[in-house]
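Side chains included, hydrogens not; waters and symmetry mates left out as well; all remaining heavy atoms used. Predicted model only: the values in this text are computed from it and were never measured.
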Amino acid sequence: METGGSLVQAIRKPTLTPKAIIHQKFGSKASYTVEEVEEPTQNGCPGLAILQKGPCLYRCSLELPDFTVVSGSFKKKKDAEQSAAQIALEKLGINLSSDNPTAEEAWRELIARVKYIFSNEFLSALHPLSSHFKAALRRVGDLNASVPASVIAICDGKLNNLCKIINPTVESHPLLVLSYIMRAAAGLPELVVSAEGQLSIWRKDPYPPNVIESSISQQSDVAESITTTAIYIPCSPEKAVEPVILNISSTGYYLDVIGQILGLSDANMVLISRTIGKASSETRLYFAAPKSYPLDMSSDLLNAKVVPFGGPLNAKASSLCGQDIYGDSILASIGYTWKGQDIFHEDVTLQSYYRMLISKIPSGVYKLSREAILAAELPLTFTTKTNWKGSFPREILSSFCRQYRLLEPVFCVSSIPLKASSELSRSNNKPEVSESAEQEREYANENESVDVDPKLAVLGSSFTCEVKIYAKCQDLILECAPDVLYKKQNDAVQSASLKVLSWLNAYLKDTYMSLEKEKQLANVFDIKFYRQIFFKEVVKCLSVCNCQHNETLGGKEPELNGVVENDASYINIEGTDSGLCPSNGSLLCVCYSVSLVTKGELQKELLESIEEFEFEMGTGAVIPCLEAVVSQMSVGQSACFYTELPPEDLVLAAAKDLANALAFLTSPCCLEYSIILLQVTEPPEDRMEQALFNPPLSKQRVEYAVQHIKEFCATSLVDFGCGSGSLLESLLEYPTSLETIAGVDISQKSLSRAAKVLHSKLVMKSDFDAPCRSIKSAILFDGSITDFDSRLCEFDLATCLEVIEHMEEEQASLFGDIVLSSFRPRILIVSTPNYEYNVVLQKSNLTSHEDDPEEKIQSQSCKFRNHDHKFEWTREQFQHWASELAVRHKYRVEFSGVGGAVDLEPGFASQIAVFRRVFLPEDDDSLKDENSVCQYKVIWEWSRSRPPLTN
């Protein structure tokens, strides 16, 4: 962790795009027309009889004065436009060059840029800087037409980019741009003038009257004055941050007003920071340059140095913008924009200031995205896209990198075939994958910075994601390479991003931790970071925004009436117990309010309230004490509890009335939380099972089926209700005697996925020692399992795993009759949830094992495991159903299960009945002379002896 690496690939220096070059040459004469197109779909599964809907594609037509070109088809409109522009450039004979100019070339371009900025033409241009030039013309006396150099530095992006080419350290020291601007101005004595010791430039010859009149006519009439609120941030840590009012007259220059508040006579010695927040924002810090500002005017272009400022560093202000700010400063959102000639302004309140502070840490960004500063926390785990609320981890990580002037995070997604991932999981002693095999295998995130090899994204694969973060100088700052496997690429990306964010949260709250603790923390989150570069690029910028529990005002701890954080012993819960209680994985909806309360509850100040706030239980998505209290409530109940004060920044960022909140904080006080539990949505069945069973129940059921295949040397198997083919797919990973496999389901979408998965396993795996080499044929049918089809008669083994509970009970009985009387497999395995086990999955309070089991089960009232379940049977109900079927159709039945134990209450989580045929088909007269019946539609068929039909 001593030194950083360098970025070789995935990051390139910025160059003009084809579309930008076309705009430079043709402007509005270039016309783009984008249309949606349909192209033949390649579903990757020959023989599939289901029409596949292709992705939405776009094609662009670019019309230029002399010709028109048409692009190819792309998933994104912007890619189609860039392609059309590229084709046009090739037709024009213009080649794009990725080579950047040398430092000497950039210096010559910089001088030319400064010359253009002070030209007559530029004054009439629609550019934020030209508006400053017009405002400078309204300045009186010696200041007339004098333009502050700091304005030129922050308003012209092209000029900034040229300075970075000349000297890359400009990125870390933006005030170096002033040196280059003043040096360029000194090289244009025939055009501009600059006084020694001053940071301003003006034209040697005034603008012609007609140019001035033309430029002024572009501006609309403005009010007599503009009034906006800004924040005064004193350099001294003992002085309080306070609001100030900026009054700008219609004939005045807003920078002169700011300069006067800073104690300057005018704006020429006002320095301006980079933007804070979004790149399009006009929120900046303004501070005073010393009377004799030290500029490096040496002739050495490449090694221009930042001369020591000489004044005191403003730690509060510096932490906001990531650059050094000296002396007192003003935080304001004001300036000229590309949208118009008139001045833009927006109030910056004290609450805005404190919200900017907390947004410097990932948890603060998440809190703000949820508008729940005192209740929300950045979750510890990413479970599902549906249950995640607020900004996604990847968005927060990108926002963090932009705030600290880092490059966008680079994601590299790796695909691991299912067999390899299973071996990897077993070797690491970790769960096989993070999500059920039934989930969609898709990647919705289309950001270009994700490096995904489509050749690796094979159906049936698992995914891992590595994250790397680089400084602007392209030095590697940190990397995260978790070895957890996911069924979805997006989940891998989001989870890896969350690991980085969680580490950043923990580290930035204690940057002076011991090296041993630092190493332990990095190991927990699979982080490797380069300490020296990390401190230079991140920690240095974070001087005052550590959101830790502060010492209470006056040095006294508040006396609390109730609980403190992580202690929910003395909460007050009111209302009737409805029995609808939350469990881990549940999606909760609460109504809450948070108030500052003084000792003895004599006074109360509302800070934050939300009528409907959703979060997932057990993921750390709310502060610990709030989750601890809600876990003891049921739907409809209300609760009230108290906690110690969080960091003052959080309180003030949430406060609706800053003055009142500050007054409360001068005396001992605490936070009062009032909550109503509105709704509880239970987690999906597979999520509940994964929390308790390793391997998951789905895998245990597969292994149970494999055991019977081997025991009876079964050569044929049909899966009734095969869904997406998870059982059939898994069976291909085991060496068995199976030669023929078949599946039946009524969902064409599921069957389509099953076909693709099986095709990828059977066709793409050509190893002679592969487990699936014994399979000679496979077929999938579209049809109801309560209908008969003679093509599936007398298979050695039939399975129906976790299917019948999705049918009405009458339909389940009909299926049992049809499969045993007509299909007549040698062995039939049926599994269904054990309703009695739901008390464990839903974490209800179980009585001791010494209690009467019947009384215990009857005392429990549980929900079904899945909203789609029509019924869930107890062991007695299931055994009664199966036993009657067996007697009626001359089968013998045995009962078992997976998950749990037969001799411990409440039995198995998934109960299983194994039916064994006790007669030979030729001995049963009722089966003779039966006509061929084909009610199912063949969706996909494969045979090792012949190639599949093409689509």
Side-chain angles (χ1 to χ4, degrees), residues 351 354-355 357-359 361-381 383 387-393 396 498 501-502 505 509 547-550 558 560 562-568 571-573 582 584-597 604-633 635 637-657 661 664-665 669-681:
Q351 186 187 55
Y354 286 108
R355 289 188 169 215
L357 276 185
I358 68 172
S359 70
I361 288 185
S363 62
V365 178
Y366 181 77
K367 286 172 178 288
L368 291 171
S369 76
R370 299 228 57 194
E371 286 295 327
I373 295 171
L374 299 175
E377 283 288 357
L378 182 68
L380 300 173
T381 57
T383 54
N387 280 9
W388 185 274
K389 308 299 176 183
S391 297
F392 283 97
I396 299 174
L498 185 56
L501 294 172
S502 299
N505 260 344
K509 289 180 180 180
C547 294
Q548 302 173 3
H549 282 272
N550 41 297
L560 308 177
V563 302
V564 295
E565 189 168 356
N566 293 322
D567 182 1
I571 62 174
N572 179 25
I573 298 179
N584 280 350
S586 300
L587 189 64
L588 275 57
C589 182
V590 301
C591 169
Y592 80 90
S593 64
V594 188
S595 302
L596 271 174
V597 180
K604 186 185 293 188
E605 173 69 19
L606 179 65
L607 296 175
E608 180 177 286
S609 63
I610 296 182
E611 292 186 0
E612 293 184 356
F613 179 75
E614 288 188 324
F615 66 94
E616 184 176 355
M617 190 79 169
T619 61
V622 293
I623 58 175
C625 56
L626 177 57
E627 183 164 300
V629 171
V630 173
S631 67
Q632 303 177 46
M633 300 170 64
V635 172
Q637 288 186 322
S638 61
C640 180
F641 65 95
Y642 300 83
T643 73
E644 64 184 6
L645 286 177
E648 183 179 322
D649 292 345
L650 294 179
V651 174
L652 297 178
K656 300 178 184 300
D657 188 321
F664 268 74
L665 292 173
C669 57
C670 61
L671 291 186
E672 177 193 76
Y673 284 76
S674 297
I675 312 170
I676 301 174
L677 182 55
L678 302 176
Q679 184 178 343
V680 174
T681 303

Study note, to complete from the structure: Looking only at heavy atoms, the pair that brings C670 and T643 closest together is CB-O, 3.2 Å
Exercise for review: Using atom types as modelled and distance alone, determine if a side-chain donor or acceptor of E608 lies under 3.5 Å from a backbone N or O of L374.
Suggested key: yes
**Study point:** Nearest non-hydrogen partners of T619 and E627, listed with the distance
**Key:** N-OE1, 4.4 Å
Check your understanding: Within the distance-only criterion (no hydrogens, no angle test), does the side chain of K604 pair as donor or acceptor with the backbone N or O of V597 below 3.5 angstrom?
Key -> no
Check your understanding: Any luck finding a side-chain donor-acceptor pair between T383 and E616 under 3.5 Å?
Key -> yes
Exercise for review: Please examine the side chains of L378 and I396, heavy atoms only from C-beta on, and report whether any two atoms are closer than 4.5 Å.
Suggested key: yes
**Study point:** With Y366 via ring pair (Phe, Tyr, Trp, His ring centres under 6.0 Å) - residues at least two apart
**Key:** W388
Practice item. Ignoring hydrogens and angles, tell me if any N or O in the side chain of S593 forms a donor-acceptor pair with the backbone of S609 under 3.5 Å. Key: no
Check your understanding: Should E612 and L678 count as side-chain neighbours, where that means a heavy-atom distance under 4.5 Å?
Key -> yes
Check your understanding: Within the distance-only criterion (no hydrogens, no angle test), does the side chain of N505 pair as donor or acceptor with the backbone N or O of S363 below 3.5 angstrom?
Key -> yes
**Study point:** Lys/Arg-Asp/Glu bridge criterion (N-O < 4.0 Å) met for E377, R370
**Key:** no
Practice item. On the 0 to 90° scale, with breaks at 30° and 60°, tag the F641-Y673 ring pair as parallel, tilted or perpendicular. Key: parallel
Exercise for review: Check whether any side-chain heavy atom of R355 sits under 4.5 Å from a side-chain heavy atom of L368, and report yes or no.
Suggested key: yes
Review point. With a 4.5 Å limit on heavy-atom distance, are the side chains of L650 and K367 in contact?
Key: yes
Exercise for review: Please determine, by modelled atom types, if Y592 and E611 share a side-chain donor-acceptor pair under 3.5 angstrom.
Suggested key: no
Exercise for review: Using the side-chain contact (heavy atoms from CB on, under 4.5 Å) rule, take Q637 and I573 through it: C-alpha gap first, then chi angles, then the decisive distance, then the call.
Suggested key: CA-CA 7 Å; Q637 288 186 322; I573 298 179; 3.7 Å; yes
Practice item. For the residue pair I675 and C591, establish whether any side-chain heavy-atom pair is separated by less than 4.5 Å. Key: no
Check your understanding: Considering only heavy atoms from C-beta outward, does the side chain of Q351 approach that of L652 to under 4.5 Å?
Key -> no
Check your understanding: Is any side-chain heavy atom of E614 less than 4.5 Å from a side-chain heavy atom of C589?
Key -> yes
Exercise for review: Using a 4.5 Å cut-off on heavy atoms from C-beta on, say whether the side chain of V635 contacts that of Q679.
Suggested key: no
